[in-house]
Amino acid sequence: MNKRDISTLIEKINTYETIILFRHVRPDPDALGSQLGFKHAILKLFPGKHVYAVGSTVDNLSFIGEMDEISSDVFSDALAIVLDTANAPRIDDERYQLCAETIKIDHHPPVDQYAGLNIVNTNSSSTSEIIYEILVDIGYGRDLITRDVARCLYIGIVGDTGRFLFNNTSSRTMAIASELLEYDIEHTALINSMQQRDLTSIRFQGYVLQHFKFEEGVGYIYITKAILEQFNISASNASLFVNSLADTQGIKAWAFAIDETNEIRVRLRSKGVVINELAAEYNGGGHPLASGASVYSEEELNQLIEKLKTLVKHA
């Protein structure tokens with residue numbers, strides 16, 4: 001990371017009395033962990049400032065921390081810091097546009113540099129890892145990393161590395177995780193909270209495992225509104241099972257599609273084939289091996305799946 005960018009980030013935080021932290025819609029542990037971890041750290045550095053974390057509430061991840069509810073008039077003279085969000089349309093809460101300035105901190109490929117200052121490191125496992133590096137680089141050593149900061153960043157790293165199983169896990173990632181464990185964060189309980197599912201969700205997972213299709217090295221399933229209603233499960237909770245297909249012998253890539261009323265959201269995953277360019281063709285993007293796309297009909301979804309099969313075939 002560019003130290004000049006880090007210096008500018010701190011200068012901006014120092015300038016504004018109100019800082020509002022954003023992240024992407026349908027947040028995962030890294031989005032929430034980096035957002036709330038950075039909030040705790042800013043308050044430690046500048047205890048007199050007004051610092052808020054905004055966005056929709058996610059029940060199954062509420063153990064990481066709660067969101068703040070603030071009125072629109074608070075945004076006008078505030079600094080917006082957007083965490084873990086590759087492109088502007090995915091920011092959860094459009095009121096970021098009311099803020100005086102915007103800063104982006106992210107680890108996704110920099111397709112949409114929507115902020116005045118964009119701090120992006122695609123070599124990091126997660127945005128939570130980037131926040132850790134920023135806090136250390138500020139010059140205060142590890143003084144800004146409290147127990148609250150550590151637990152948020154740790155769960156963010158665990159989430160985006162698939163509990164350190166994904167190939168984005170580096171030796172530096174493991175070193176940072178080791179350092180965060182020194183803060184008595186009860187990591188086993190944290191991970192159990194992240195993995196815990198209610199009975200409805202477990203039965204839904206059973207449906208997924210029984211009904212997904214597997215052809216030419218590609219797994220795929222389409223979760224319709226009727227299936228969501230059958231299991232009384234929300235689209236966001238259903239999406240947590242995207243990696244249920246990962247252990248299938250011979251699988252090289254998979255698509256987990258959910259009807260979210262206004263779009264069919266397709267989560268794409270791969271064990272080696274680069275898929276983010278395919279996602280970009282369908283209103284999405286992301287990492288080379290983990291991306292998201294949006295289609296608007298079953299016909300378009302079928303086209304995407306056929307293209308995914310072609311990618312795998314020619315890899």
Side-chain angles (χ1 to χ4, degrees), residues 24-28 31 56 58 60 85-92 108-109 111-112 160 162 166 197 200-201 203-315:
H24 59 74
V25 295
R26 299 180 289 272
D28 54 17
S56 54
V58 182
N60 65 293
T85 308
N87 45 11
R90 295 201 69 222
I91 299 174
D92 190 348
H108 297 94
V111 176
D112 182 3
D160 255 27
F166 297 163
R197 302 287 183 264
T200 295
S201 296
R203 286 175 173 160
F204 170 75
Q205 183 179 32
Y207 175 89
V208 170
L209 294 175
Q210 288 183 335
H211 291 85
F212 81 93
K213 296 180 180 180
F214 183 52
E215 301 169 349
E216 303 173 45
V218 173
Y220 59 96
I221 189 167
Y222 174 38
I223 306 300
T224 64
K225 294 287 288 185
I227 295 169
L228 293 175
E229 291 171 1
Q230 176 186 340
F231 287 93
N232 192 28
I233 189 171
S234 68
S236 60
N237 281 345
S239 70
L240 298 175
F241 295 96
V242 59
N243 288 319
S244 296
L245 315 186
D247 294 333
T248 305
Q249 185 175 4
I251 199 167
K252 297 179 180 179
W254 60 99
F256 198 94
I258 302 175
D259 187 344
E260 300 193 4
T261 304
N262 294 323
E263 63 179 340
I264 299 173
R265 185 68 181 171
V266 188
R267 290 159 178 85
L268 297 170
R269 299 293 185 267
S270 170
K271 291 190 173 182
V273 179
V274 174
I275 53 174
N276 57 345
E277 293 180 2
L278 174 61
E281 292 181 32
Y282 291 89
N283 312 293
H287 299 290
L289 305 183
S291 296
S294 294
V295 298
Y296 300 93
S297 67
E298 286 192 55
E299 180 182 5
E300 195 176 13
L301 173 61
N302 291 333
Q303 290 173 355
L304 187 158
I305 291 170
E306 289 304 314
K307 288 185 177 181
L308 182 59
K309 291 178 183 177
T310 300
L311 278 179
V312 167
K313 181 179 179 181
H314 295 289

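The structure presented is a predicted model; accordingly, all values stated were derived computationally and were not measured.
Taking 4.5 Å as the limit, every side-chain heavy atom of Val25 sits out of range of all side-chain heavy atoms of Ser56. Using a 4.5 Å heavy-atom cutoff, the side chains of Tyr222 and Ile305 are not in contact. Between Pro109 and Asn276 the shortest side-chain heavy-atom distance falls below 4.5 Å.
Considering only residues two or more places apart in sequence or on other chains, Glu263 meets the side chain to side chain donor-acceptor pair (under 3.5 Å) condition with Ser294. For the salt bridge (Lys or Arg N to Asp or Glu O under 4.0 Å) test, no residue two or more places apart in sequence or in another chain qualifies with Glu298. Partners of His287 by ring-ring contact (aromatic ring centres under 6.0 Å, His included), not counting sequence neighbours, listed by chain and number: His107, His108. Remark: Lys313 pairs with no residue by the side-chain contact (heavy atoms from CB on, under 4.5 Å) rule, at least two apart or across chains. Evaluation of the side-chain contact (heavy atoms from CB on, under 4.5 Å) rule for Leu289 yields Asn167, Ser270 as partners, not counting sequence neighbours. Partners of Asp28 according to the salt bridge (Lys or Arg N to Asp or Glu O under 4.0 Å) rule, which considers only residues two or more places apart in sequence or in another chain, do not exist here. A search for side-chain contact (heavy atoms from CB on, under 4.5 Å) contacts involving Asn87 returns Pro89, Arg90, Asp112, not counting sequence neighbours. Residues forming a side-chain contact (heavy atoms from CB on, under 4.5 Å) with Glu229 (at least two apart in sequence, or on another chain): none. Partners of Lys225 according to the salt bridge (Lys or Arg N to Asp or Glu O under 4.0 Å) rule, which considers only residues two or more places apart in sequence or in another chain, do not exist here.
Under the 3.5 Å distance criterion, the side-chain polar atoms of Trp254 are matched with a main-chain donor or acceptor of Val242.
The salt bridge (Lys or Arg N to Asp or Glu O under 4.0 Å) contacts involving residues 237-248 comprise nothing, where partners must be two or more places apart or lie in separate chains. Pairs passing the salt bridge (Lys or Arg N to Asp or Glu O under 4.0 Å) check and including a residue from residues 209-218, sequence neighbours excluded, read Glu215-Lys309. For residues 265-278, the salt bridge (Lys or Arg N to Asp or Glu O under 4.0 Å) pairs, not counting sequence neighbours, are Glu260-Arg267.
The two residues Leu245 and Gly219 come nearest to each other via the heavy atoms CD1-C, 4.2 Å. Across every non-hydrogen atom of Ala279 and Gly292, the tightest pair is CB-O, 3.5 Å. Of all heavy-atom pairs between Tyr207 and Ile223, the closest is CE2-CD1, 4.4 Å. What you find for Leu228 and Ser234 is that their closest heavy atoms are CD2-O, 4.1 Å. Nearest heavy-atom pair, Ser244 versus Leu209, reported as atom, atom and distance to 0.1 Å: O-CD2, 3.6 Å. When all heavy atoms of Ile251 and Ala246 are compared, the closest pair comes out as CG2-O, 3.6 Å.
The CG atom of Leu268 lies 10.5 Å from the OH atom of Tyr282; values are rounded to the nearest 0.5 Å. Atoms CG and CD, from Leu304 and Glu300 in turn, are 8.0 Å apart once rounded to the nearest 0.5 Å. Leu240 contributes atom CG, which lies 5.0 Å from atom CG of Asn60 (distance to the nearest 0.5 angstrom). Atom-to-atom distance recorded for Thr224:OG1 and Ile221:CD1 is 9.5 Å, nearest 0.5 angstrom. Rounding to the nearest 0.5 Å places CD1 of Ile233 at 11.5 Å from CD1 of Ile227.
In this structure, Asn302 places its CG atom where more than 12 heavy-atom neighbours from other residues, nucleotides or ligands lie under 6.0 Å away.
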From CA spacing to verdict: side chain to side chain contact (heavy atoms under 4.5 Å, CB included), Tyr220, Leu308: CA-CA 10 Å; Tyr220 59 96; Leu308 182 59; over 6 Å; no
Verdict with supporting geometry, Arg197 and Phe204, side chain to side chain contact (heavy atoms under 4.5 Å, CB included): CA-CA 10 Å; Arg197 302 287 183 264; Phe204 170 75; over 6 Å; no
